[in-house]
Amino acid sequence: MAQSVTPRSEDYSRWYTDVVQMAELADYAPVKGCMVIRPYGYALWEAIKEGLDRRFKATGHQNAYFPLFIPESFIKKEAEHVEGFSPELAVVTHGGGKELAEPLIVRPTSETIINAMFAKWIQSWRDLPMLINQWCNVVRWEMRTRLFLRTTEFLWQEGHTCHATAEEAQEETLRMLDVYADFAENDAAIPVIKGRKSDTEKFAGAVRSYAIEAMMGDRRALQAGTSHFLGQNFARAFGTQFLDKDNELKYVWQTSWGVSTRMVGAVVMVHGDDQGLILPPRLAPIQAVIVPIWKSDEDRYSVLPVARQVLAQLEGAGIRARLDDREEVSPGFKFNDWEMRGVPVRVEIGPRDVEKGQAVLARRDMLGREGKSFVPQEGLESRVAKLLATIQKDLFARALRFREENTYQPRSYAELLEVVERGFARAYWCGSPECEARVKEEGKATTRCIPFDQPDEPGACAVCGKRAEEVAIFARAY
RNA sequence: CGGGGCGUAGCGCAGUCCGGUAGCGCGCAGCGUUUGGGACGCUGAUGUCGGAGGUUCGAGUCCUCUCGCCCCGACCA
């Protein structure tokens with residue numbers, strides 16, 4: 001940890017890779033495109049998991065687990081689905097030393113195998129809605145990979161639900177998008193734009209896809225979660241039918257929705273700075289770190305007990321705290337070390353503080369003098385708790401301001417192309433794939449979503465000038 | 001798959017043109033001094049020089065083949 005990371009202004013993607021590795025979130029695995037999530041990174045993922053899982057349970061979902069292997073024939077049952085995924089499938093052809101009668105696909109997502117089970121379990125309208133989620137790993141053979149953002153194997157959750165009517169399924173699709181947005185904004189402090197995906201950007205096999213889109217520190221877009229209205233596409237392919245109240249056999253209406261370890265990458269890129277990670281307090285594995293400072297042994301004996309006492313105070317208040325009592329590194333080193341790891345609050349306690357019965361609080365999101373305050377040891381835990389809440393709020397506000405400052409409303413095509421190089425473009429779009437393709441070709445930007453939040457008036461498509469009912473977010477994306 | 005680059009200590013690199021006993025920085029280990037913003041000194045450990053074959057008295061260096069990785073262009077959470 002002797003060096004610092006590549007500055008963001010110099011090379012953003014190197015900054016990202018540096019931070020991920022130096023903060024010990026993840027490391028490259030021996031297998032190309034794969035990563036090892038290290039304990040600190042996994043703790044962050046666990047916090048994300050807990051935040052989401054709590055919300056899934058609160059909205060009536062249950063966790064289950066479906067197998068890693070999917071018969072090849074299953075994938076092929078839904079035409080659009082196969083086409084979308086076949087280039088990136090990992091296929092198992094041998095097992096137990098013999099060639100398999102039917103190759104097995106390592107799941108890229110589980111719609112097919114889950115539907116095979118749903119078809120068995122669902123008989124009656126009384127079995128609906130079926131609200132299932134699973135936490136698992138999936139594999140997609142990606143060409144260009146990046147830690148957390150795009151890896152060959154990644155962790156995620158995939159929700160799969162069945163409903164009696166299209167309306168209910170549609171409601172569920174939007175409910176889960178709201179759950180994602182709520183998590184992103186309140187726990188991860190990441191402002192997101194909720195919207196519908198264009199046809200070219202939607203999930204292979206879905207009728208409609210929705211997403212939450214966030215702006216990263218380099219002004220590029222990242223899809224942080226998606227929710228799909230699947231209609232009856234998979235139900236028809238797998239014969240997932242139920243006998244309705246009117247005694248008619250009907251296909252179920254379905255949804256699926258997912259958030260992956262990519263969310264970790266989003267947290268890094270939305271909040272981080274040149275010192276390293278900045279973690280939102282709600283997700284931070286360590287919310288406050290105590291750094292004791294001493295010069296002599298004598299100091300040490302007076303400082304350490306106080307530091308331990310403060311640790312107990314913080315833990316007693318439910319704050320995830322840690323005392324860094326390492327003796328082999330200097331306080332300055334520790335400051336930088338914990339800043340790299342993004343710990344929101346640092347508590348410094350030295351001989352002078354012990355004398356005065358105080359401690360120094362330092363905010364990770366405000367470096368230097370500006371972010372420091374001198375507070376009494378008494379009642380420290382409530383001050384830290386309050387400070388954590390403030391930091392949580394401030395991180396969100398800062399990210400929101402950044403996104404707004406870098407969002408443009410271009411009126412001409414030339415302006416759209418220009419603006420897309422430095423941020424999000426909110427532009428009228430006629431909805432034609434041709435216009436979308438042209439922006440992708442000439443501006444390297446795609447439609448991220450058609451936001452729910454729309455202007456009152458129709459306008460002219462920023463690309464072709466024809467009448468456009470809606471605006472879309474155009475941006476360069478991860 | 002097309003274009004560019006790189007494989008030498010845990011990491012980052014020099015050495016390769018011009019063959020002659022494998023080096024630097026960081027990290028690591030031991031000891032001592034240090035500690036309010038990345039401490040310092042001394043001592044020490046660590047290498048199939050990506051792999052195979054060849055040329056040569058002698059190859060990290062020259063030749064042939066091979067493997068792997070990274071970066072840039074067509075897909076995706």
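Note on naming: letters A, B, ... go to the chains in the order of the sequence lines (proteins, then strands), and numbering restarts at 1 for each one.
Under the Watson-Crick or G-U wobble criterion, with both distances below 3.5 Å, B:rU61 is left unpaired in every strand shown. In this structure, B:rA39 and B:rU33 make a Watson-Crick or G-U wobble pair, each of the two defining distances being under 3.5 angstrom. Summarising the base pairing, B:rG68 is matched to B:rC6 through a Watson-Crick or G-U wobble pair whose two defining distances lie under 3.5 Å. B:rC28 is paired with B:rG44 under the criterion used here, namely a Watson-Crick or G-U wobble arrangement in which both key atom distances are under 3.5 Å. When both pairing distances are held under 3.5 Å, B:rC17 makes no Watson-Crick or G-U pair with any nucleotide shown. The partner of B:rA74 cannot be assigned: no Watson-Crick or G-U wobble pair with both contacts below 3.5 Å exists in any strand.
Contacts of A:Arg352 with the nucleic acid, taken as non-hydrogen atoms under 4.0 Å apart, include base atoms. Using a 4.0 Å heavy-atom cutoff across all strands shown, A:Val360 reaches at least one base atom of the nucleic acid. Among the atoms of the strands shown, base atoms are found under 4.0 Å from some heavy atom of A:Gly350. At a threshold of 4.0 angstrom between heavy atoms, the contacts of A:Asp353 include nucleobase atoms, whether or not backbone atoms are also involved.
With A:Ser209 as reference, A:His228 is the one residue of A:Lys202, A:His228, A:Arg196, A:Lys197 to meet the side chain to side chain donor-acceptor pair (under 3.5 Å) rule. Checked against A:Arg140 for a side chain to side chain contact (heavy atoms under 4.5 Å, CB included), the options A:Leu89, A:Thr109, A:Thr151, A:Thr145 give a single hit: A:Thr109.
Taking the ring axis of A:Trp257 as reference, the NZ or CZ atom of A:Arg55 does not stay both within 45° of it and closer than 6.0 Å to the ring centre.
OP1 or OP2 of B:rC75 lies within a sub-4.0 Å distance of a side-chain N or O belonging to A:Lys440.
Here the P atom of nucleotide B:rA77 and the CE atom of A:Met35 are 16 Å apart, to the nearest Å. Going from atom CH2 of A:Trp156 over to atom P of B:rC76 covers 14 Å, rounded to whole Å. We find that CD of A:Glu111 is positioned 11 Å from P of B:rA77, with the value rounded to whole Å. If you measure from atom CG of A:Leu149 to atom P of B:rA77, you get 13 Å, rounded to the nearest angstrom. Following rounding to the nearest Å, A:Asp324 (CG) and B:rU35 (C1') show an atom-to-atom distance of 12 Å. If you take CZ of A:Arg38 and P of B:rG10, they are 16 Å apart, rounded to a whole angstrom. Between the CZ atom of A:Arg146 and the P atom of B:rC71 there is a distance of 8 Å, given to the nearest Å. A straight line from CG of A:Leu367 to P of B:rG38 spans 14 Å, rounded to a whole angstrom.
Comparing B:rA77, B:rU35, B:rC76 by their closest approach to the side chain of A:Ile293 singles out B:rU35. Nearest nucleotide to the side chain of A:Glu142, out of B:rG37, B:rU35, B:rC76: B:rC76. Distances were taken from every side-chain heavy atom of A:Glu348 (C-beta onward) to each of B:rC76, B:rG36, B:rU35; the shortest belongs to B:rG36. If you check B:rA77, B:rG36, B:rG37 against the side chain of A:Glu339, the one that comes closest is B:rG37. Closest approach to the A:Thr151 side chain among B:rG36, B:rA77, B:rA39 is made by B:rA77 (side chain taken as heavy atoms from C-beta onward). Set against B:rC76, B:rG37, B:rG36, the side chain of A:Pro351 has B:rG36 as its closest nucleotide.
Looking at every heavy atom in both residues, A:Arg426 comes nearest to A:Pro451 through NH1-CG, 4.0 Å.
Scanning atom types as modelled, no donor and acceptor separated by under 3.5 angstrom connect the side chain of A:Arg140 and the base of B:rC76. Evaluation of atom-type donor-acceptor distances gives no pair under 3.5 Å for the side chain of A:Ser330 against the base of B:rA39. Side-chain to base pairing of A:Arg346 with B:rG37: one donor and one acceptor N or O lie within less than 3.5 Å of each other.
Nucleotides B:rC18 and B:rA29 place their P atoms 44 Å apart, quoted to the nearest Å. Between the C1' atoms of B:rU43 and B:rG58, the separation comes to 35 Å (whole Å).
Side chains of A:Arg346 and A:Val360 form no contact here, defined as non-hydrogen atoms less than 4.5 Å apart.
Counting heavy-atom neighbours within 6.0 Å of A:Arg146 CZ, excluding the residue itself, gives a total above 12.
Using a cut-off of 4.0 Å between Lys/Arg side-chain N and Asp/Glu carboxylate O, A:Glu201 and A:Arg448 are scored as salt-bridged.
Per the stacking criterion (ring centres < 5.5 Å, plane angle < 30°), A:Phe333 does not stack onto the base of B:rG37.
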